[in-house]
Asker: 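Have a look at the structure that comes next, please.
Side chains included, hydrogens not; waters and symmetry mates left out as well; all remaining heavy atoms used. Throughout, residue positions are numbered sequentially from 1 according to the sequence presented. Order of listing sets the numbers, starting from 1, for every ligand and every atom in it.
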Amino acid sequence: MDIGVPTEIKNHEYRVGMTPGGVKELVRDGHRVMVQSGAGAAIGLLDEHYADAGAELVTDAAELFSRAEMIVKVKEPQAEEYRRLGSGQVLFTYLHLAPDLPQTRGLLKSGCTAIAYETVTDRQGGLPLLAPMSEVAGRMAVQAGAHCLEKAQGGRGVLLGGVPGVAPARVLVLGGGVVGIHAARMALGLGADVTLFDKSLPRLKELDNLYGPGLKTLYSTTDAIEAELPRADLVVGAVLIPGAAAPKLVTRDMLKLLPKGAVLVDVAIDQGGCFETSRATTHRQPTFEVDGIVHYCVANMPGGVARTSTFALTNATLPFIQALANKGWRRALQDDEHLARGLNVHAGKLCYQAVAEAHDLPYTPLEDVLAGA
Ligand SMILES: NC(=O)C1=CN([C@@H]2O[C@H](COP(=O)(O)OP(=O)(O)OC[C@H]3O[C@@H](n4cnc5c(N)ncnc54)[C@H](O)[C@@H]3O)[C@@H](O)[C@H]2O)C=CC1
Ligand SMILES: CC(=O)C(=O)O
Ligand SMILES: [Mg+2]
């Protein structure tokens, strides 16, 4: 198969969809891998590393898109990218379609087969291609939040861990999945006072067993969140209903419960955000303020630590890329129900129910698509 790895074009996005090591594996399997020149230059993955691994370097994105049977990326395609996709082509990347009608329409119109990293599942009920980036984003959320709490950033001037004789900051983590627990671990490590909310009692029990009394856990209801907001310095939004738009757990009205200069880090922003006042921001301008509350809503947080993230992501994606390349997308999905859950769009049809519901568009069951000739 001819596989294309373009340079990411989203603002301050320096990750690459494949490392030279990944290229080598695919070339060894008999595939041709085209990498756009300079795709990894910003993180020390140079053209010569890709060439040594057996890649063909292609200068022009338009040429790479037109020649590749499968495009492997990191971020959701931007408008100029989905306009380049065509019928019969496979796209394997993060999509986050539920909050993004223009991209959804663009992919439907293209006729391509779009498989989303974030909806591929595993046997344990996890999301193995979201997890590595969620680990990164969860850890970064606390770094970012600590920075935003500084006065010069608009924060209330609180040090997360406090000092002897001064109480630490209070951190609320909404959602105790991968992002949530990595955020909680970082915040606990820095000495903050951490309370984590989840709707899943088994998950709260598991975290309580793992972390003991150091981590306070609360069942997530509006009442419970409202009761904690008045004493919160930093709130990390880390909820997910897979494939669906994030539930709004903190409304604009609830902002007045927070102390002025408190910080909201909405990691769930790529699914629309779990604070009503969130809107996606970029690494160039990561924050904005609403009613005296600092909001950090960067939709591609792992792009900020692109080198770590590229290796973490491609460690997880490579076996799936190999399956798609070696078997073709339909066989690969027929053979692996977990990879099949990644299918969001095929030949103008939406095959992921939560996305169809989010946009009130017709839904075609996955089984119907996979059964096709
Ligand atoms: N902004 C960024 O750069 C990045 C964003 N993300 C996003 O972070 C979000 C979280 O991802 P993961 O932790 O991997 O998901 P996950 O599935 O591991 O965890 C989500 C947790 O939210 C809980 N939850 C659902 N509804 C809830 C509610 N109403 N109240 C409290 N908890 C609730 C679930 O029970 C689950 O434990 C996703 O939207 C993901 O796309 C992930 C990586 C990077
Ligand atoms: C998960 C995601 O959207 C990211 O890593 O950018
Ligand atoms: Mg997860």
Side-chain angles (χ1 to χ4, degrees), residues 8 10-17 73-76 93-100 103 116-122 124-141 144 172-185 195-207 217-225 228 235-250 265-275 278-283 286 295-306 308-310 312-314 316-317 354:
E8 294 296 318
K10 193 166 173 147
N11 181 263
H12 279 272
E13 182 53 74
Y14 307 108
R15 284 174 288 178
V16 196
K73 273 176 53 59
V74 179
K75 285 314 287 180
E76 69 281 357
T93 191
Y94 288 117
L95 295 178
H96 304 295
L97 291 181
D100 191 347
Q103 192 208 159
Y117 291 160
E118 74 275 7
T119 61
V120 172
T121 54
D122 64 21
Q124 292 73 43
L127 302 168
L129 302 190
L130 183 59
M133 296 303 93
S134 293
E135 291 165 5
V136 171
R139 290 178 181 217
M140 278 183 86
L172 308 183
V173 179
L174 309 183
V178 180
V179 169
I181 197 54
H182 283 268
R185 275 185 56 177
T195 304
L196 180 144
F197 295 73
D198 207 289
K199 272 244 176 276
S200 158
L201 276 182
R203 182 64 177 161
L204 291 177
K205 281 181 188 154
E206 187 185 346
L207 295 179
T217 58
L218 283 175
Y219 185 71
S220 177
T221 61
T222 301
D223 265 0
I225 294 169
E228 294 299 317
V235 186
V236 177
V239 298
L240 175 66
I241 299 167
K248 304 293 178 207
L249 301 186
V250 176
V265 175
D266 200 345
V267 185
I269 191 64
D270 56 356
Q271 294 294 143
C274 63
F275 309 126
S278 294
R279 59 177 163 76
T281 59
T282 62
H283 286 288
H295 291 56
Y296 174 103
C297 305
V298 175
N300 59 332
M301 292 174 70
V305 289
T308 300
S309 299
T310 291
L313 176 63
T314 58
T317 53

Asker: Does ligand 1 have any atom that is closer than 4.0 Å to a heavy atom of E118?
Answerer: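 It does not; every heavy atom stays at 4.0 Å or beyond.
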
Asker: Backbone, side chain, both or neither: what part of V298 comes under 4.0 angstrom of ligand 1, heavy atoms only?
Answerer: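 It is the backbone that gets close, since no side chain atom is under 4.0 Å.
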
Asker: Quick one: list whatever passes side-chain hydrogen bond (donor to acceptor under 3.5 Å, both in side chains) with R203, sequence neighbours left out.
Answerer: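 For R203, the residues satisfying side-chain hydrogen bond (donor to acceptor under 3.5 Å, both in side chains) (neighbours in sequence not counted) are E206.
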
Asker: At less than 3.5 Å, what protein N or O atoms come close to the N or O atoms of ligand 2? Include the distances to 0.1 Å.
Answerer:
| from | atom 1 | to | atom 2 | distance (Å) |
| --- | --- | --- | --- | --- |
| ligand 2 | 3 (O) | K75 | NZ | 2.7 |
| ligand 2 | 3 (O) | H96 | NE2 | 2.8 |
| ligand 2 | 3 (O) | D270 | OD2 | 3.3 |
| ligand 2 | 5 (O) | R15 | NH1 | 2.7 |
| ligand 2 | 6 (O) | R15 | NH2 | 2.8 |
| ligand 2 | 6 (O) | K75 | NZ | 2.6 |

Asker: Closer than 4.0 angstrom: is that true for some heavy atom of M140 and an atom of ligand 1?
Answerer: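 Checking ligand 1 against M140, which is what was asked, there is no heavy-atom contact under 4.0 Å.
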
Asker: Would you call E8 and R15 a salt bridge, taking side-chain N to carboxylate O under 4.0 Å as the test?
Answerer: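 Judged by the 4.0 Å cut-off on N to carboxylate O distance, E8 and R15 do not form a salt bridge.
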
Asker: Just do the side chain to side chain donor-acceptor pair (under 3.5 Å) check on Y94 and H96 with the steps written out, would you?
Answerer: CA-CA 6 Å; Y94 288 117; H96 304 295; over 6 Å; no

Asker: In this structure, does ligand 1 have an atom that sits under 4.0 Å from one of the heavy atoms of A131?
Answerer: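 No, A131 has no heavy atom closer than 4.0 Å to ligand 1.
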
Asker: Just jot down the side-chain hydrogen bond (donor to acceptor under 3.5 Å, both in side chains) partners of N300, sequence neighbours excluded, or say none.
Answerer: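 In terms of side-chain hydrogen bond (donor to acceptor under 3.5 Å, both in side chains), with neighbours along the sequence ignored, N300 is linked to E13.
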
Asker: Side-chain donor-acceptor pairs under 3.5 Å in residues 172-183, sequence neighbours left out?
Answerer:
| from | atom 1 | to | atom 2 | distance (Å) |
| --- | --- | --- | --- | --- |
| H182 | ND1 | R139 | NE | 2.9 |
| H182 | ND1 | R139 | NH2 | 3.3 |

Asker: Between SG of C297 and CZ of R279, what distance do you get to the nearest 0.5 Å?
Answerer: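 Result: 8.0 Å between the selected atoms.
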
Asker: Say whether D198, considering both its backbone and side-chain N or O atoms, lies within less than 3.5 Å of an N or O atom on ligand 1.
Answerer: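 Looking only at distances, the answer is yes, because the N/O contact criterion of under 3.5 Å is met.
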
Asker: Answer with yes or no whether A246 contacts ligand 1, where contact means a heavy atom under 4.0 Å from a ligand atom.
Answerer: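 False for this residue.
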
